[in-house]
Every structure is written in structure tokens, then in C-alpha cells.
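Side chains are part of it too, since the values below use all heavy atoms of this structure and drop only hydrogens, waters and symmetry mates. Letters A, B, ... are given to chains in the order of the sequence lines, protein chains preceding strands, and every chain is numbered from 1. The model shown is predicted, which means the values in this text are computed figures rather than measured ones.
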Amino acid sequence: MPHTSLSDQLTASQRRAVEHRDGPLLILAGPGSGKTRVITQRIAQMVRRGVDPRSILAITFTNKAAGEMADRVEALLPGAKVWVSTFHKFCARLLRQHARGVGLDTNYSIFDTVDQRQLIKLTMRELDIDPVTYQPAKIAAQISSAKNRMQSSEMFVQHYEERIGNHDQAVVARVYPAYQRALLASNAVDFDDLLLHTVALLVENPELRSELDARFRYVLVDEYQDTNLAQYQIVTAISQEHRNLCATGDPDQSIYGWRGARIGNILRFENDFPEAEVVRLEENFRSTQHILASADSLIAHNVERKAKSLITDNPQGAPVELLNFYDERQEADVIASEINRMVAEGDESYNDFAIFYRVNALSRKIERALSEHRVPYQVAAGLAFYERAEIKDLLAYLRLVHNPKDVASFARVVNTPTRGIGKKTQSRLNRWASTEGLSLMVAAAQAERCPQLGARAVKALKAFTAMIEQFSLADAGSISDLLRMIIDQTQLTRGWADSDTEQDQQRLANVNELVTDASQYDTAVGSESSLEGFLETTSLVNEGDSLDGETGRVTLMTLHAAKGLEFPVVYVVGVEENLIPHERSLRSDDWREKEEERRLLFVGMTRAMRRLFLTQTLRRDFRGRSLATIPSEFLMETEFVLNNYADGLGGEWDSTANRPTHDEMDQSVPDHDVPPIAANMQHARSTKQSAKLSLTTAADLLNGTSDQADIPVGFAEGMTVRHPKYGLGTVTTLSGFSKNRAVTVQFHDRDRIETFIAAKCPLQPVGMG
DNA sequence: CAGGCCGTGCTTTTT
DNA sequence: GCACGGCCTG
């Protein structure tokens, strides 16, 4: 494609981003603004202007994003050697070359979360810390979060000793250093370490840093709003002399703060690089005007952001609809039958639909309704291929062959399948190996020297090590053959083939798939074939990426998983207080957490191209109990028309099954009344009519257009109130409508924060301030 | 050493 | 409400 016509297809700001070559560049790209296209064209443009492709490094977070970008660059510049990689893969490569610099051997293992947990558990046992009282997963999370703050074990311990920490921190202060030592002894790193070791490498070796700075003269980072401290330091470290750092992202789509991502990194880009050019991509090519206006109105309520407008030439489209249901059963049934109706009318096909929810737990009831209504669907969740037990087992054999010090892999397979090396034997071997200073494999090979072990255990251990030692890539010839050899000798799949349980058949199929993967790898890399390379792809690649767009199925996923995708018709279910915003963010004293929740809903809404439905119910099952819900405070910040199904007049919903009669509803839910917001909008009940309706914000409704005579409105933010039990407090938030109007109070005594239903609580207003 | 029973404790999850 | 992990029994 000649580049004149190419530029013609770009908007003015897109062109500015594409044409920009030297110096820092910040691309603030709103949802659906053609960001990936801009980045890839920019790379192509740079190369056409004489930049050496090998001096360009493009970094993404996911393999999927990296793959897409690589494909698009390849299409524009066939054969160009631009390095497109994920952060973790980039660091893994760098560390292979400089492993010694951080105390590792080049054949180090990469521990995933499961390995990590296992090693932490092992470490805790050695420290005599009860893994029941202190859950390894939680300890692991705290260690990971410390690492995200770039707090080494030494720093954590020091920090802990300087001020009195709590019980958990005392445990972490003991486990963290021991865990790091165990990792080193295993010649292994966890995901966080890949980044941290790289930072250490760059800090401790100024000459390496400047070598990389010079080698990667042009650095592009996608989704910059999701970078954590370590990633930020890596990127900035290699952009000091050659300050051609191009950061792209959208602060409004930062939804991984809880994993250490720092929205501040993108917000302060212009401080870090004062000479930066800033390009805003504000034109949206995805959604209708109604959808964008509604999403924009929501996100405008965030304080921590860069103001950015969302504009589109797309048609106005249908208004965003808020569907109000009696309960989640009805919610799921109506969604399922509505999808069927729209498909039957020929407007849409199943793969045009997506259903998003805040927590995975919500998917179950939707899935059930979809199958009952014969709606084909796929769930974007479940265990990733490489996380399945049988795959991990097989890979652990491979890892142990490659890195015999790998404790997690040893522990995983030493008795899988069972070969008489039980827990007792293992812990005796552990203890002995650590006093003797031997790795587990070496200790097991000379188990007869261990006085605590019985003859049978010794025999089993020696047989195990002898078996592992005869596995070698050189002898097997290829990785797939090595895998076949392992499967054959270990009898890992014994019994599965004859078993008629679905699970065993699935396991067998998975194992076969791994062998197929391996042979594909073998042929793809030819003589370069190495255990290292194969293991690296399997530990850093997630198969969950391969969610298909053309399956003819409705897609279900969490709001987090939805980022970066688009669907013609989107349902966001459970837009209720405590779900989104999630209760945890409401309990937090950090207001930023609620803003992240708002961004999460924003991300969900902006996935929609033509139709967007938000849903809420009056009651929802929560941990086995059915509770009255409170509408999400975010609803008041969006624009929608209400389509009420909970009043028995409901729209198109005529499913006879399981629908509560009015009598049932009266009995079971004393406060099931249609809120005024709904009553006010009863004419909005048919989906087909909605396009004719005028837009109303929930806030408008709340401000008196509706009949609310019986509602106590006497609360305001900032007001001081008295509670008979909790004493004085200050009203921090008001949310919900009508009878669901809720008041959140921060009590002055201690840290108590409580939310009440305004109509029913014993709160006495005492005055303002 | 497997299979069942009970108690616990619950977001999100790019790598 | 359900899933996972630990513990106990056959």
C-alpha cells in the first residue's frame, strides 16, 4: 500500500501519531479509537523512513496483544525484524543472557502462581508455620504485592522491624526471605521476579543499561496505564539517552490497580518526559452516540484522569437500557430469551452477543438459563490449558529434566503417579537434604545415606531419580518424543484411556494436545529446538488467549477480561451496589478504588457497538442468602432508559417457567414495589419501543421528577447523624433510589463504616458538618 | 493411599 | 452455595 493513500485514511490526530518519529510521545487513546492500527502504522512509517527495525522494541502485556501487533507489523513490513514482546518474555530473554548477574543459572525455571504457592507452603512447613492458619495463597499475595512495590525481602523485613506490623506481616516477614532463598536454591523465579531481577540488572550494570538504551532506540509500550513500578523502571531505564519512548494507553481503562498497576505512570508521563508530544485519539469508531454519551457521562465522575472527550460519527443508535428484574433467575431467563428473539428476528447472530459480570460467581445462573433456552455460549474463564493438573505434571517432568534443582517440579511429580513416596518420606528427604546442603534430586539419588529412610522408600526414590536421569532431549531426539517417553515410562496416563469418566477422557485429550503442541514446536524451530525455549513458551503463554470470535456463540466473561474486545450487543449484569462498585472498594478508605470500579464499568460499556444493556435485580442470591439489592451509585451517573421486568408488566418476557406470581412476590419480598424510577418509565417496557424514548438520567429521576412523597430525603453528604448503637457519624455517600435509597455513614468511633437503607434505618440527622 | 466428610472462606487475574 | 483443602477411615 503506497503511503500517501494510507495517511489519507487517518484522522488528523491519528496521522500526527503515525508521523511522529523522534522524541517521547504519549498517545492517549480512548476506547475504539483505532489505537493498534495507529501504532502498527507508526512502526511501518518509521521503518520506511530509515529506522532500523531491529532498534524498535514494542512491548505489550498479553501474548495475544503481542501476537496481533506482530501480525499487523508483518503484514505492513514483511520480514522486518521488529521485536514485539510481552514484558515478561522480554525480561525472561534478558535474564537468560545475564542470569549470573542475579545469582541464577541460565537454565532457571519460571514458577507460575501454582508453583509459587506450593513453594511457599513448603517454606512455611520448614519454618513451622501452620498453613491452615496462614493461607499460603494469602501470604503469596502479600509477597507479590510487596514485589509490586519493588520491596525486596530485606526491605520488607527492615520495614517490618521499624514499625509494629500485624500478625500477617510478621508471618510474611519470616516467609518472604525464606521463600526467596528457596527460589534461588531451586534456580527459579516467579513472575514478579522476572521483572524485579531485570530492574536489579539494569540498576547494577550501568553499562548494560546504556547498551540496551542504544540497542532499542525506539521503544513502544502498549497499555501504559497498566504498568507497575518495575515495568515503569525498566521502560524508563532504557529510554534515557534515546528518549524515543512511545507510551499508549488510556487512564480511563486502568483496571489492574489491585495487581500493582499504577495509573500514575501514564498520568505523569509528561513530567517524566517534559519534551513529550501528546496526541489524543478521541474519535470512536466502535459505538453508537447513545452508548458513548452514557459511558462518557459515567467516566466524567472520576477525578483521577485526563479529561478526554469521546466523539463519533456513528449513528445515534438505540438508547442504553437499564433492565430491572425481580431476581437473578428472571434476569438470566430474560437475557436468554431476548437473545433468542433477536437472533430469530434475524437482526443478530449468537456471536454478536457478550455478557459481562463483575465476579465469576454470577456466570453460573446465566449459564444455566442459556443452556435451558438452547443458547450456545462460551465462557472466557476456566483453567488455562497450561494450568491443568495433568499438563502441569507433564511439564514438571520436563522442567525437572532441564533444571534438577527445581523444587516445585520435584515435589509435584515425585509421587505422581503414586509410586510409594508418600508425605512422610518426602518430608524426611527434605529435612535431610537441607541439612546436608543437597538438592532434592541429588539427595534422592543417594537416599541410602539418609538414616531416617526405610529400605522401601530408598528403593522408590532411587528408582525415581534413575528414571528422570535417563530422560534427555539428546536421546529422545525431539521434545514430542521426549514427552512420549516420559508418558510411557511414568505411566502418567494409566487407566485414563479405559476410563469412561468425562474427566479422564479430557485429561487424556489434554496430554495428547500437549504432545501435539510440542511436535509443532519441534518442526517450527527445527534444530534450534530446546527444552528452554519450549518451557518458556509454555510458562509464559496462556491458552485462554485463544477465545474465538467466530464460534457462533454468546460470550460470557468478567469485566476485566473484556478489555480490548468489542461486541455488537453487550449485557453488563448485576449493576448493583456492592457488586459494581464492589463491596471491597466501598469498605476501603482509598477513594481511588471506587474510581477503578467506575473505570471497570466504563470498560464494559465501551465494548458495545450497537446495543448496550445494563441489568439490575431487586434481590440477588449472595453466598446462599437472597438479599435485597441497592442499585449501583454508578447508574445515577449514566444515561439510559429503564425497562422494568420486575413489575409483572415486563417487556417481552413471557416465559412461563419460574416466573414469580404477584402473590409469591408479595409474600416473599415485602419491599418488592417498583421503585418510582421504574413507575415513571413504565412506558419504556418494550425493547422495540425504546429507541423512541427520550433520554433520562437516573439523577434526573432522583431529583424530583418522580413521585417520592413517602421517601425520607433528609440525608445529605457531609451531614452528621446519630445512630442508637454506633453513635455519631458523617454521611459519606448516598445511593440508590426510592425505597432502596441508601446512606453510607462513616462513624466517628473507630473505623466503622455502615450502609443503611434510608427508609428503614434509625439514623437521626444532627446537623451539617 | 484413595475416597468421603466436614469446615472454612470467599474480587478481579495480562504473566 | 459451592469448592477446596485437610483430615479421617476403610
Side-chain angles (χ1 to χ4, degrees), chain A residues 59-67 85-92 110-117 121 130-133 135-138 140-141 144-145 147-148 189-195 222-223 225-228 230-231 253-261 328 356-365 380-384 386-387 415-425 495 536-545 557-565 574 578-588 593 596-597 599-601 603-604 620-626:
Chain A
I59 305 179
T60 64
F61 277 84
T62 66
N63 292 294
K64 192 180 169 200
S85 173
T86 64
F87 267 109
H88 292 266
K89 205 170 233 169
F90 173 75
C91 292
I110 299 169
F111 281 7
D112 68 14
T113 26
V114 180
D115 305 319
Q116 181 185 29
R117 241 177 9 223
K121 206 158 143 190
D130 180 19
V132 177
T133 333
Q135 299 161 22
K138 285 198 168 163
S144 176
S145 128
K147 287 182 174 182
N148 277 321
V189 299
D190 60 24
F191 287 143
D192 299 317
D193 282 347
L194 283 173
L195 306 173
D222 196 16
E223 308 282 15
Q225 78 281 355
D226 288 334
T227 51
N228 65 21
Q231 289 158 338
Q253 295 184 61
S254 163
I255 55 174
Y256 285 103
W258 53 276
R259 281 195 103 242
E328 50 195 336
F356 304 149
Y357 32 81
R358 175 66 238 263
V359 294
N360 281 309
L362 293 188
S363 82
R364 200 167 253 124
K365 294 201 168 101
L383 273 190
Y386 290 112
E387 281 167 20
N415 201 33
T416 314
T418 53
R419 47 175 77 88
I421 306 177
K423 253 193 292 200
K424 270 266 160 56
T425 303
E536 191 176 294
T537 50
T538 57
S539 46
L540 294 178
V541 170
N542 228 328
E543 206 80 354
D545 297 345
M557 64 178 86
T558 63
L559 285 161
H560 282 91
K563 194 169 78 163
L565 305 175
N578 293 326
L579 225 38
I580 181 157
H582 194 271
E583 58 167 335
R584 200 170 159 133
S585 73
L586 297 174
R587 262 188 279 124
S588 161
E593 290 197 20
E596 182 154 310
E597 297 286 316
R599 291 193 291 269
L600 194 51
L601 181 57
V603 165
R620 190 175 291 277
D621 284 351
F622 184 66
R623 291 182 197 162
R625 305 191 67 84
S626 169

Rounded to whole Å, NZ of A:Lys424 lies from P of C:dC7 at a distance of 12 Å

Are A:Thr558 and B:dT13 close enough that a side-chain N or O sits under 4.0 Å from OP1 or OP2? yes

For B:dT13, take OP1 and OP2 only and decide whether either is under 4.0 Å from a side-chain N or O of A:Asn360. yes

Nearest to side-chain heavy atoms of A:Arg623, which nucleotide of B:dC1, B:dT14, C:dG1: C:dG1

Given B:dT14, is OP1 or OP2 found less than 4.0 Å from the side-chain N or O atoms of A:Asn63? no

Could you walk me through whether A:Trp258 and A:His560 satisfy the ring-ring contact (aromatic ring centres under 6.0 Å, His included) test, starting with their C-alpha distance in whole Å, then the side-chain angles of each, then the deciding distance to 0.1 Å, before giving a yes or no? CA-CA 12 Å; A:Trp258 53 276; A:His560 282 91; 5.7 Å; yes

Does A:Lys365 reach a base, just sugar-phosphate, or nothing at all? Heavy atoms under 4.0 Å. nothing

So which nucleotide from B:dC1, B:dT12, B:dC10 ends up closest to the side chain of A:Thr418? B:dC1

Could you check whether A:His560 and the base of B:dT13 form a stacked pair, meaning centres closer than 5.5 Å and planes differing by less than 30°? no

Check every strand shown and say whether A:Tyr256 touches a base, only sugar-phosphate, or nothing at a heavy-atom separation below 4.0 Å. base

With hydrogens left out and only the distance checked, is there a donor-acceptor pair under 3.5 Å joining A:Arg259's side chain and the base of B:dT11? no

Would you mind reading off the distance between A:Arg587 atom CZ and B:dT12 atom C1', rounded to a whole angstrom? 14 Å

Whole-Å distance between C:dA3 C1' and A:Arg364 CZ? 8 Å

On a whole-Å scale, what distance lies between the P atoms belonging to B:dT13 and C:dC4? 16 Å

Which comes earlier along DNA chain B counting from the 5' end, the contact point of A:Arg419 or that of A:His88, where each point is its nearest nucleotide? A:Arg419

Specify the separation, in whole Å, of atom CZ of A:Phe356 and atom P of B:dT12. 16 Å

Indicate whether OP1 or OP2 belonging to B:dT12 is found under 4.0 Å from a side-chain N or O atom of A:Lys563. no

Distance below 4.0 Å between A:Lys121 side-chain N/O and C:dG6 OP1 or OP2: yes

Min side-chain heavy-atom separation A:Lys147-A:Asp190 under 4.5 Å: yes

Winner on side-chain proximity to A:Val359, out of B:dC10, B:dT15, B:dT12, is B:dT12

Does some side-chain heavy atom of A:Tyr357 sit less than 4.5 Å from a side-chain heavy atom of A:Ile580? no

Separation of A:Lys64 atom NZ from B:dT13 atom P, in whole Å? 14 Å

From CD of A:Glu596 across to C1' of B:dT12 the rounded distance in Å is 9 Å

Sugar-phosphate, base or nothing in reach of A:Gln135, heavy atoms under 4.0 Å: sugar-phosphate

Please figure out whether A:Ser585 or A:Asp226 has its closest DNA chain B nucleotide nearer the 5' end. A:Ser585

Could you tell me whether A:Asp621 and A:Arg364 have a side-chain N and a carboxylate O separated by less than 4.0 Å? no

Taking any heavy-atom pair under 4.0 Å as a contact, classify A:Gly564: base, sugar-phosphate, or nothing. nothing

Counting only side-chain heavy atoms from C-beta out, which of B:dC10, B:dT14, B:dT11 sits nearest to A:Glu597? B:dT11

Between B:dT13 (P) and A:Glu223 (CD): distance, integer Å: 16 Å

A:Arg625 side chain N/O closer than 4.0 Å to the phosphate oxygens (OP1, OP2) of C:dC2? no

